A.B. asks: 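Below is one structure. I have some questions about it.
Throughout, a chain's letter reflects where its sequence line sits, starting with A, and its residues are numbered from 1. Values in this document were obtained by computation on a predicted structure and should not be read as measured data.
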2 protein chains.
Amino acid sequence: MIDLLQHGSPSLIDLISDELWRQLQAIGTVERYQDGQMIHMRGDEKPGITVVLDGRVMIGLQGSEGTFLTSSVMGRGQCFGEFTLFAGLPRTHDISAIGETQVLQIKGKPFLALFNAEPSLSHALLTINVYRTHGLLEFLDDLRRLPLPVHVAKFLLSMSESASNKKEIQCNQEVLAFNFGVSRISIGKALKKLEATGLIEVGYGKIAITDHPQLRRWVEQRCPVSALRASRVNSTSQ
Amino acid sequence: MIDLLQHGSPSLIDLISDELWRQLQAIGTVERYQDGQMIHMRGDEKPGITVVLDGRVMIGLQGSEGTFLTSSVMGRGQCFGEFTLFAGLPRTHDISAIGETQVLQIKGKPFLALFNAEPSLSHALLTINVYRTHGLLEFLDDLRRLPLPVHVAKFLLSMSESASNKKEIQCNQEVLAFNFGVSRISIGKALKKLEATGLIEVGYGKIAITDHPQLRRWVEQRCPVSALRASRVNSTSQ
DNA sequence: GCTAGAATGCAAACTTTTATACATTTGGGT
DNA sequence: ACCCAAATGTATAAAAGTTTGCATTCTAGC
């Protein structure tokens, strides 16, 4: 799954202890949603944290006539809503379910109470947000500095690391194009260019990385700084 | 000052109590740097938080040919280094002083101790990072969706709010161009277009907003959520 | 197997952006 | 008041990206 917020950032469930996770579940309520159902709407005033338990949620903005512009997609363990809690502002995005989805909904007050009592929870939240900030900054940097094919290659590498199948990334070119803010045609050209090196293979709704280490080297040679970071995620949980 | 990380996000000093600020100062050490002096280097392993006390710091990457590519500039009250603490990775950027600069350097261990004992500190840090994430996401969204002149206008508006002088933004076109990832020429054209509306005035190393509310309306007319491009980029399921 | 819908490939005309080069303007410093 | 480096304006060719339209390929579902 292609995503700017999620990619590279660890999940809340992975970052906290089983005990703390149980506590969170105790103060929250499980909600079930059908495919396409709205979970939150832009402008909602109720602050709270949501954790995806099962399925996926789509974060974006509802356009006119049912069109939806996605900013982010989150899967199991990912959480969102921190902005309503820590910035004290209403929801900035619409959030809806992809497929049958279960989420844990935790209201602002009980969450903050636990947050104040459990440093490991704030530690985990901070870790997530620090990774998100960092990932976004780096993506933006690359957007400004790298030619499209190189940037795409780098992104594919980093996606493949958090994917279930390391060799193959499940995404169509249109979604990819939107992430990079360019047209499908441009992405197509960039992918063709990469394919010509023999390091990736463009499929139908998927992209395969045929030679991982070689592609990494190819990207590193083309980055102005040796900017490809090791993706070592050591959860500093206590 | 033009900056993606800082703009819109509150400063640490503003977010915490005087008492907590004193405690932070007690466990940190004040360091002084001359203009251009290095404060941290990419790759440094020492984790810690730094708070700018006076002057400014430049966060960026040393390019291949001795050039410095700025990612961010931070002023009094802003803090950085959370990534070294909460992601457990070495410094990802070079950081150097702009002008005579004082910073409060707090080592990882004492900071985390205070962090664990004081929920208001973690609350403040989270607030900062949540704002940063949000600001970056929105900027990225605008980059993909808005024509350059509209995006520039929106950015100028948001900059002017955190500027010392609300009517005038101190920045040259080259810096602006880098922030948007386009050439100086493109920014120049966009600014000329905006100037033609009479809502801003382009000066030498500065941009003046002549009619704040009118410019705001001008931007809103051109990027309402309801009028987003009706592209079928994202279907409800994959 | 078929088939329909989705995804991709491709080409031509086009718009936008870039790079380059140079002229002009500005404003701080001596 | 002058000088000069920095910032901006402008022009043109080249490169990159977009739009449009349609052909082709793939795959899930019957």
Side-chain angles (χ1 to χ4, degrees), chain A residues 1-2 35 66-68 70 98-99 142-153 155-156 165 168-196 200-208 222 224, chain B residues 1-2 35-36 58 63 65 67-70 98-99 142-152 156 165 168-196 200-208 222 228-238:
Chain A
M1 173 52 52
I2 286 293
D35 179 52
T67 54
F68 199 89
T70 306
I98 302 177
D142 293 340
L143 205 59
R144 302 186 273 207
R145 287 176 183 152
L146 304 181
L148 190 54
V150 181
H151 190 194
V152 170
F155 189 72
L156 290 177
N165 182 348
E168 199 169 280
I169 296 150
Q170 209 71 20
C171 80
N172 67 31
Q173 296 183 12
E174 197 142 14
V175 168
L176 207 49
F178 180 75
N179 263 283
F180 283 86
V182 298
S183 67
R184 178 177 66 82
I185 288 86
S186 294
I187 285 291
K189 282 180 185 170
L191 288 174
K192 273 276 153 282
K193 208 165 191 171
L194 287 175
E195 200 171 31
I200 72 164
E201 243 167 57
V202 179
Y204 184 81
K206 69 195 173 197
I207 294 153
R222 282 158 185 81
Chain B
M1 175 52 54
I2 287 294
D35 180 52
M58 184 162 53
E65 317 106 21
T67 53
F68 195 86
L69 295 172
T70 306
I98 303 178
D142 292 341
L143 204 59
R144 300 185 273 208
R145 287 174 182 154
L146 303 181
L148 188 55
V150 181
H151 191 193
V152 170
L156 289 177
N165 183 350
E168 200 170 281
I169 296 151
Q170 210 71 18
C171 80
N172 68 31
Q173 296 182 13
E174 198 140 14
V175 169
L176 208 49
F178 180 76
N179 263 281
F180 283 86
V182 298
S183 67
R184 179 177 67 81
I185 288 87
S186 294
I187 284 290
K189 281 179 185 172
L191 288 174
K192 273 274 155 282
K193 209 167 191 169
L194 287 175
E195 199 171 33
I200 72 163
E201 244 167 56
V202 179
Y204 185 82
K206 69 195 172 197
I207 294 153
R222 280 159 186 79
L228 288 172
R229 232 179 8 185
S231 62
R232 288 149 295 287
V233 166
N234 297 289
S235 56
T236 9
S237 54
Q238 304 207 10

A.B. asks: Between D:dA7, D:dT19, C:dA21, which one does the side chain of B:Arg184 approach most closely?
C.D. replies: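 For B:Arg184, the side-chain atoms sit closest to C:dA21.
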A.B. asks: Figure out the CD/C1' separation between A:Glu168 and D:dT27, and round it to whole Å.
C.D. replies: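 To the nearest whole Å, that distance equals 14 Å.
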A.B. asks: What is the distance, to the nearest angstrom, from the CD atom on A:Gln173 to the P atom on C:dA6?
C.D. replies: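 Answer to the nearest Å: 17 Å.
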A.B. asks: Rounded to whole Å, please give me the gap between CD1 in A:Ile187 and P in D:dT19.
C.D. replies: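 Whole-Å distance recorded here is 14 Å.
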A.B. asks: Within this structure, what is the NZ-to-C1' distance between A:Lys193 and D:dA16, rounded to whole angstrom?
C.D. replies: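 Result: 10 Å.
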A.B. asks: Is any side-chain heavy atom of A:Ile200 less than 4.5 Å from a side-chain heavy atom of A:Ile169?
C.D. replies: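 No - every pair of side-chain heavy atoms lies 4.5 Å or more apart.
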A.B. asks: B:Arg184 vs B:Leu176, test: side-chain contact (heavy atoms from CB on, under 4.5 Å). Steps then yes/no.
C.D. replies: CA-CA 8 Å; B:Arg184 179 177 67 81; B:Leu176 208 49; over 6 Å; no
A.B. asks: Check whether more than 12 heavy atoms from other residues, nucleotides or ligands sit under 6.0 Å from atom CD of A:Glu195, and answer yes or no.
C.D. replies: yes
A.B. asks: Heavy-atom nearest nucleotide on DNA chain D for B:Glu174 versus B:Lys189: which residue maps closer to 5'?
C.D. replies: B:Glu174
A.B. asks: Between A:Glu195 (CD) and C:dG9 (P), how many Å, whole number?
C.D. replies: 7 Å
A.B. asks: What integer distance in Å separates B:Ile207:CD1 from D:dA7:P?
C.D. replies: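 B:Ile207 atom CD1 is separated from D:dA7 atom P by 13 Å.
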A.B. asks: Ignoring backbone atoms, establish whether A:Ser186 has a side-chain N or O less than 4.0 Å from OP1 or OP2 of D:dG17.
C.D. replies: no
A.B. asks: Please give, in whole Å, the distance from D:dA16 C1' to A:Leu146 CG?
C.D. replies: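 For the pair A:Leu146 CG and D:dA16 C1', the rounded distance is 16 Å.
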A.B. asks: If you restrict it to nitrogen or oxygen atoms, what contacts under 3.5 Å exist between nucleotides 26-30 of chain C and the protein, and what is each distance?
C.D. replies:
residue : atom : partner  : partner atom : Å
C:dT26  : O2   : B:Tyr204 : OH           : 3.1

A.B. asks: Grab the CG-C1' distance between A:Leu191 and C:dC10 for me, whole Å please.
C.D. replies: 15 Å
A.B. asks: Using the side-chain heavy atoms of B:Ile185, tell me which of these nucleotides is nearest: D:dT10, C:dG9, C:dA7.
C.D. replies: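 Selected nucleotide: D:dT10.
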A.B. asks: For B:Gly188, answer base if it contacts any base atom (sugar-phosphate contacts may also be present), sugar-phosphate if it contacts only those atoms, and nothing otherwise; contact means non-hydrogen atoms under 4.0 Å.
C.D. replies: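 Contact class for B:Gly188: none.
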